[in-house]
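The structure appears below as structure tokens.
Not measured: the values here are computed from a predicted model. All ligand and atom numbering here is 1-based and tracks the order in the structure. Just so you know, these numbers use all the heavy atoms, side chains as well, and skip hydrogens, waters and symmetry mates.
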Amino acid sequence: DEPVGPQVVTKIPGPKSQKAIAELHKVFDTRSLNMMANYQQSYGNYIADLDGNVLLDVYAQIASIPVGYSNPALVLAATSPEMVSALINRPALGNFPSHDWAAILESGILRVAPKGMNQVFTGMSGSDANETAYKAAFMWKRQQERGGPNVDFSEEDISSTMNNQKPGSPDMSIMSFRTGFHGRLFGSLSTTRSKPIHKIDIPAFDWPQAPFPALKYPLEEHVKENEAEEKRCLEEAEDIIKNYHNPVAAVVIEPIQSEGGDNHASPAFFQGLREITRRNNVLLIVDEVQTGVGATGKFWAHDHWNLQDPPDMVTFSKKAQTAGYYFGNPELRPNKPYRQFNTWMGDPARALLFRAIISEIERLNLVENTAAVGDYLFQGIESLSTKYPGQFQNLRGKGQGTFIAFDNPKRDEFLLKAKTLGINIGGSGASAVRLRPMLIFQKHHADILLDALEKLAKSL
Ligand SMILES: Cc1ncc(COP(=O)(O)O)c(CNc2csc(C(=O)O)c2)c1O
């Protein structure tokens, strides 16, 4: 069962963890290691290490644990005969799908499909979901230019592509936004614009980036200024789409830029962006890898935008355990097989796990829970920000469930010290402290967190 609260009994990492880290370092790079964990002792919202320390986890494996550690419902799914077969008889789904693959998709991934979407291409990770969504966009665009799905490739297409030259390998682009993060494979990395360390030494495509709104907080005190900033960004985005030398096939954007520092924009901004993509005949890809699956108090963060005209594709991973892109327009299925293809084409085992997660989310009403607890938590931090000015700057994420962040001038020290108070918390961008609790995070967990945040504010 879940512990009643955190307990810190040694410095972190403690002696046993230090020994295990040294062992691991011989065979695996541990320089990015945050904490050596013991998942057999981790329950619910709490992560345990080897030294008896148990921390309230509001980082949750970079926002990838949805319904808690060692969740009994997931243990059941993980030990079912269906799972055993899916794990040991892993199908090459493109060629030999299991007889129940449609049923697994319809009762799982597609059960939570965003509005306007009833198809999915499944993959392995967030980067991979974005890579394959970009490929679908390029094929769609070229197919349209050719005159439709039944117009065949030209001889020039065929010969030039074998030399990685246009027109077969076209000079088209995906427009992303400054400080956005979409993954670290080649196409996704060319759209990632958050930190140099992600990109140095890796060749990149000549693709454009538009400015993402830099909003001032509190929002209610900067309405006009923020509206003007969003308008400026939309105008620049449309200018790039119209004029970039490598024609833009699609735009990719996160509902909340996560690795870039928890940067928000208003529903009006995203509605405006959708109108721009529509009138310029480019696709809109919404990257819900980090914001998706309930964290913002809606199942999909872009549900907050009330779009009349849904995005063309939505990519997902992390809390879903599996990954891929949703779509609705049948033209986004390439005109021939083996164009969007790979060995596994997804993972039935992970799809089964996601189905169990979805059932748990519905059984416990966890999306509404996250909205309510998020509001409670936001108010709690808001009063701390008044009591300790400067410690919780640019508090953001109001109405976005527990997807809350603030800036602290001593952010790295803040995060380190939080561990000594029994809280595992993450950072993003240059100075943001970001909250990524699980969907089972309740008000009593929020009280534990708020108590620790107050102690930190006092001590820093
Ligand atoms: C919005 C968004 N889109 C795509 C990705 C890539 O997903 P993965 O390839 O890491 O599964 C991510 C992954 N998040 C992430 C957090 S730290 C990190 C890293 O590579 O340093 C990656 C994401 O947040």
Side-chain angles (χ1 to χ4, degrees), residues 29-35 57-66 114 121-135 137 174-202 204 207 209 212 250-265 270 284-296 300-302 311 313-326 342 344 346-347 350 353-354 397 400 403 405 411 415 424-430 432-436:
D29 187 353
T30 59
R31 287 172 299 169
S32 58
L33 184 139
N34 178 306
M35 178 181 160
D57 189 2
V58 292
Y59 195 38
Q61 306 302 324
I62 324 179
S64 302
I65 297 282
F121 180 84
T122 50
M124 305 304 292
S125 68
S127 300
D128 167 57
N130 286 325
E131 295 283 333
T132 45
Y134 300 172
K135 287 175 67 178
I174 302 285
M175 185 180 85
S176 58
F177 287 78
R178 280 189 216 300
T179 58
F181 186 99
H182 301 290
R184 294 179 180 244
L185 299 178
F186 282 86
S188 49
L189 186 59
S190 286
T191 53
T192 287
R193 310 282 190 159
S194 36
K195 285 181 185 162
I197 194 71
H198 301 151
K199 296 171 72 69
I200 289 176
D201 294 346
I202 311 300
W207 292 355
Q209 58 182 329
F212 191 90
V251 171
V252 63
I253 194 162
E254 299 160 77
I256 301 166
Q257 289 193 327
S258 304
E259 292 318 301
D262 277 43
N263 308 319
H264 293 247
F270 293 103
L284 176 63
I285 300 168
V286 177
D287 180 344
E288 289 259 22
V289 167
Q290 184 153 171
T291 53
V293 191
T296 67
W300 300 107
H302 74 277
M313 289 182 265
V314 172
T315 56
F316 64 95
S317 186
K318 284 184 186 276
K319 286 187 182 68
Q321 307 306 304
T322 183
Y325 62 85
Y326 289 103
N342 57 63
W344 284 324
D347 179 352
R350 298 284 162 187
L353 201 56
F354 185 33
Q400 294 293 314
F403 215 95
R411 190 273 308 276
L415 301 180
N424 180 41
I425 196 166
S428 69
V433 175
R434 59 164 148 178
L435 301 183
R436 296 292 186 272

Heavy-atom check, side chain of Asp347 versus side chain of Thr122, under 4.5 Å: no
What residues, two or more places apart in sequence or in another chain, satisfy side chain to side chain donor-acceptor pair (under 3.5 Å) together with Gln257? Thr179, Asn263
Contacts of type side chain to side chain donor-acceptor pair (under 3.5 Å), residue Asn34, not counting sequence neighbours: Lys419
For Arg411, does the CZ atom have more than 12 heavy-atom neighbours from other residues, nucleotides or ligands under 6.0 Å away?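 Buried by this count: over 12 neighbours within 6.0 Å.
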Lys NZ or Arg CZ of Arg193 over Phe181 ring: under 6.0 Å, within 45°: no
Around ligand 1, what residues show up once you keep those with a heavy atom under 4.0 Å from it?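 The answer is Ile62, Ser125, Gly126, Ser127, Asn130, Phe181, His182, Gly183, Arg184, Glu254, Glu259, Asp287, Val289, Gln290, Lys318, counting any residue whose heavy atom sits under 4.0 Å from ligand 1.
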Check ring-ring contact (aromatic ring centres under 6.0 Å, His included) between Phe354 and all other residues, then give those that pass, not counting sequence neighbours.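 For Phe354, no residue satisfies ring-ring contact (aromatic ring centres under 6.0 Å, His included) once neighbours in sequence are set aside.
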